[in-house]
Protein chains: 2
Amino acid sequence: MVAPSEHSIDTKNRILDAAERLFADKGFDATSLRMITTAAEVNLAAVNYHFQSKETLLQAVYARRSAPVNAKRLELLTQFESSGEPLEVEQILDALIRPLFEIGESRECVPRLMVRLLYLDAHEASRNVFQQQFHQVLIRFQGALRKSLPHLSEKEITARMQFSIGSLAHTMAASRNLQAMPAGGQMKEALPWVLRQLIHYIAAGLRAPALEESACTF
Amino acid sequence: MVAPSEHSIDTKNRILDAAERLFADKGFDATSLRMITTAAEVNLAAVNYHFQSKETLLQAVYARRSAPVNAKRLELLTQFESSGEPLEVEQILDALIRPLFEIGESRECVPRLMVRLLYLDAHEASRNVFQQQFHQVLIRFQGALRKSLPHLSEKEITARMQFSIGSLAHTMAASRNLQAMPAGGQMKEALPWVLRQLIHYIAAGLRAPALEESACTF
DNA sequence: AATTGAATCAAACGTATGTTTGAATCATAC
DNA sequence: GTATGATTCAAACATACGTTTGATTCAATT
């Protein structure tokens with residue numbers, strides 16, 4: 001029995017880094033293992049040796065980012081809620097979005113990647129796993145939104161959350177020039193212009209009066 | 001010289017129908033020509049005979065729907081504008097969305113397909129062509145929105161339109177059970193619940209006050 | 001009925017992909 | 001220093017794909 005060498009974890013990380021960038025830029029199907037191993041400067045067979053298949057590599061690429069991001073989201077939300085009062089919608093959205101830009105320093109492709117894997121690229125089996133994890137986070141955020149938007153029925157809150165995720169995902173996937181947070185700096189006011197606009201837009205949509213009469217609580 | 005037979009245009013339409021549904025359901029890369037020709041009950045070589053390549057077939061699939069949909073959008077908007085006054089935002093959105101459901105009777109996959117080809121699936125070359133066509137329509141709609149939202153700067157209108165397209169696209173692509181319009185019926189109130197919710201949500205986001213102070217016109 | 005070009009068909013081609021193999025290399029434990 | 005198992009490597013494998021071929025069938029013109 002021999003412990004894994006340090007070289008091997010270097011190789012694994014180089015593969016993960018290269019795959020992360022290529023998956024985010026070109027998509028899963030359009031990225032071949034040969035492109036990944038060339039960019040990572042490792043042998044072709046290394047992918048199937050360290051990860052078992054291309055699909056499993058995708059899951060590893062996702063797993064490396066999703067757990068920290070989602071943990072940070074819940075942590076931020078809980079911290080904001082500590083005052084006890086219902087939060088401003090903008091604050092809830094901030095807790096949802098900001099962690100995407102704090103993870104993996106100077107890797108601006110991470111937000112694009114997460115969107116691709118959650119909604120666009122991944123094949124059905126993997127995507128379901130990814131979405132299931134994210135769904136747990138959304139349920140938690142829905143609880144916060146419910147307190148801030150008491151005029152809405154549960155059905156309407158769910159729908160509007162999906163609409164919001166849509167505009168968020170579209171913005172992440174489309175605009176290639178979303179800057180990451182300044183490294184190590186404090187967080188306040190560091191989100192780029194387009195994301196502040198987005199949060200303002202989404203908050204207004206969420207706050208809109210209920211459309212269904214039956215949804216009014218009085 | 002011999003005129004094209006009727007059989008051949010039957011074959012072409014069967015290919016287009018099968019490709020449309022498969023592209024919408026599974027995506028472009030995940031759909032092979034063999035899947036298409038099997039579903040269409042035509043010979044494999046028929047695709048390369050009638051269309052030149054898989055990529056060209058995709059363009060034909062898109063072209064068959066995009067021109068009528070976009071024409072109907074512009075026609076509806078112009079008709080709504082005939083009164084001369086600025087439109088309600090909801091009416092502008094209705095003119096943008098409704099035509100997607102009136103085209104190709106009983107083919108509920110068309111809205112999903114259009115979203116996929118505009119933003120998700122198509123390879124860069126084709127997608128740019130598709131988006132360029134749609135962009136012309138968006139410019140026209142932006143003009144209508146500008147009149148209805150005089151408190152916003154041009155930059156903010158553009159950004160909010162992109163956010164709106166995002167939630168629209170996400171809703172189209174995700175919810176597989178958006179019902180088409182009742183065939184031949186009059187249009188009023190025929191949009192499904194989720195789309196009425198979506199229009200209400202988007203309208204509120206568009207109407208939100210300007211975020212930039214410099215954007216105020218007074 | 002003969003002719004002509006369009007349309008269909010089964011079969012094959014060339015290529016790119018994910019994956020596997022088996023030998024060579026490296027680092028570690030004894 | 002040698003043995004051992006983890007890691008690398010060049011090469012090959014199997015497969016699925018888009019595309020092409022060449023013969024055959026079909027329908028329309030004469």
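As the structure is a computational prediction, the values presented were derived from the model and not from experiment. Atom set for the values below is all heavy atoms of this structure, side chains included, hydrogens, waters and symmetry mates excluded. A, B, ... follow the sequence lines: proteins, then strands. Residue 1 opens every chain.
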Interatomic distance where CG belongs to A:Asp10 and C1' belongs to C:dA27 [whole Å]: 14 Å

task: Measure the distance from CD1 on A:Ile15 to P on C:dG18 and round it to the nearest whole Å.
output: 13 Å

task: Check the distance between C:dG14's C1' and B:Asn48's CG and give it to me in whole angstrom.
output: 14 Å

Length of the line joining A:Phe51:CZ and C:dT19:P, which is rounded to integer Å: 13 Å

message: Between P on D:dA27 and CD1 on B:Ile9, what's the gap in Å once rounded to a whole number?
response: 15 Å

field: Within residues 33-54 of chain B or reaching into it, pairs that qualify as side chain to side chain donor-acceptor pair (under 3.5 Å) - sequence neighbours excluded
entry: B:Ser53-B:Thr56

message: For B:Tyr119 together with A:His170, are the ring centres under 6.0 Å from each other?
response: yes

task: Identify whether the distance between the nearest side-chain nitrogen and carboxylate oxygen of B:Arg140 and B:Glu81 falls below 4.0 Å.
output: yes

task: To the nearest Å, give me how far apart CD (A:Glu55) and C1' (C:dT17) are.
output: 15 Å

field: B:Glu108 bridged to B:Arg21 by N-O distance under 4.0 Å
entry: yes

- request: Determine, for nucleotides 8-17 of chain D in 5'-to-3' order, which nucleotides have protein heavy atoms under 4.0 Å from the base (write B), from only the sugar-phosphate (write S), or from neither (write -).
  value: BBB-B----B

message: Give me each pair satisfying salt bridge (charged side-chain N to carboxylate O under 4.0 Å, His left out) with a member in residues 125-136 of chain A, each pair once, sequence neighbours excluded.
response: none

- prompt: Rounded to whole angstroms, how far apart are CG on B:Asn13 and P on C:dA7?
  reply: 13 Å

task: Run the salt-bridge test on A:Lys26 and A:Asp121 with the 4.0 Å N-O cut-off and return the result as yes or no.
output: no

